[in-house]
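Below is one structure, written out as structure tokens; the observations come after it.
These values consider heavy atoms only, across backbone and side chains, with no hydrogens, waters or symmetry-generated copies.
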Amino acid sequence: MSEIGFEHMMQLKAAYCFRMRVESGGYEMFYHQSLPTLKSESGELLEAVNIHTNIHHITPRNNYHVVVSGIGERRNFHKMQWNGAKTVRPDALILSKREVEIIALLAKGLKTGAISEKLHISNHTVKTHRRNMLQKTQCKNSSELISLAFLQGYL
């Protein structure tokens, strides 16, 4: 936050995974997203909407990533690894900011043409990024790519 600036906190989303005990007595993996909704005149955060999604059916393991990303016009993307994690995945995926933008738009259901218009790049550039990401991640299709990006903490 100090890099981005606290004055921008209303345009940022924070996300991470955590385990929580469920009614059956077992533990399941949840994805937490926090969106600030109100700050004081002095700039202190007063309230936020917190969304918890059960993702145990996707993965039972925590990736120990904290992601801070921009909302709306903000294009910030910071992915941090929690150093206190007992297990750190050696195969952590490294995606560029542009690749993350494209995956996020794919996850929203946008097609190549709509992505190219939104990002002001050519259709060919979008297709090249998709092809490179599929090759880099060894995914077979966009659905697999989106799922992997979610597991790695990019979405």
Using 0.5 Å steps for rounding, measure from the [atom1] atom of [X] to the [atom2] atom of [Y].
X    : Y    : atom1 : atom2 : result
N63  : Y31  : CG    : OH    : 9.0 Å
N76  : K97  : CG    : NZ    : 7.0 Å
K79  : H65  : NZ    : NE2   : 4.0 Å
H32  : I55  : NE2   : CD1   : 12.5 Å
K136 : H129 : NZ    : NE2   : 10.0 Å
I103 : S96  : CD1   : OG    : 8.5 Å

Which atom pair, heavy atoms only, marks the closest approach of [X] to [Y]?
X   : Y    : result
A48 : S34  : CB-OG, 3.8 Å
I58 : S147 : CG2-OG, 4.4 Å
M9  : K39  : CE-CD, 4.3 Å
N62 : M29  : N-CE, 3.2 Å

- Query: What pairs of residues pass the salt bridge (charged side-chain N to carboxylate O under 4.0 Å, His left out) test when at least one of them lies in residues 138-155, not counting sequence neighbours?
  - Reply: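 Of all non-adjacent pairs touching residues 138-155, none passes salt bridge (charged side-chain N to carboxylate O under 4.0 Å, His left out).
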Going hydrophobic residue to hydrophobic residue with side-chain gaps under 4.5 angstrom, can you get from [X] over to [Y]?
X   : Y   : value
V68 : V49 : no
M80 : F18 : yes
I51 : I71 : yes

Sequence neighbours excluded, which residues qualify as side chain to side chain donor-acceptor pair (under 3.5 Å) partners of [X]?
X    : result
S143 : none
H78  : none
E47  : T37
S122 : T125

- Query: Tell me, which pairs form a side chain to side chain donor-acceptor pair (under 3.5 Å) where one or both residues lie in residues 9-24, sequence neighbours left out?
  - Reply: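 Qualifying pairs: K13-Q33.
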- Query: Restricting to pairs with a member in residues 100-117, which pass side chain to side chain donor-acceptor pair (under 3.5 Å), not counting sequence neighbours?
  - Reply: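 Output for this query lists R75-E101, R98-E101, T112-R130, S116-N123.
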- Query: With clusters built from Ile, Leu, Val, Met, Phe, Trp and Tyr whose side-chain heavy atoms come within less than 4.5 Å, directly or transitively, what are the remaining members of the cluster of L38, listed by chain and number?
  - Reply: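 For the cluster that includes L38, the remaining residues are L46.
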Are [X] and [Y] packed together at the side-chain level, in the sense that at least one heavy-atom pair is separated by less than 4.5 angstrom?
X    : Y    : result
P36  : L12  : no
L35  : N50  : no
L106 : L110 : no
M20  : E28  : no

- Evaluation steps, side chain to side chain contact (heavy atoms under 4.5 Å, CB included), between V22 and F30: CA-CA 11 Å; V22 293; F30 286 81; 4.0 Å; yes
Qualifying residues under side chain to side chain contact (heavy atoms under 4.5 Å, CB included), relative to [X], sequence neighbours excluded:
X    : result
L134 : C139, L145
A104 : L155
Q138 : none

- Query: Partners of F77 by ring pair (Phe, Tyr, Trp, His ring centres under 6.0 Å), sequence neighbours excluded?
  - Reply: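 Y154.
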- Item | side chain to side chain contact (heavy atoms under 4.5 Å, CB included) between I115 and L119, intermediate numbers included | CA-CA 6 Å; I115 293 171; L119 298 179; 3.8 Å; yes
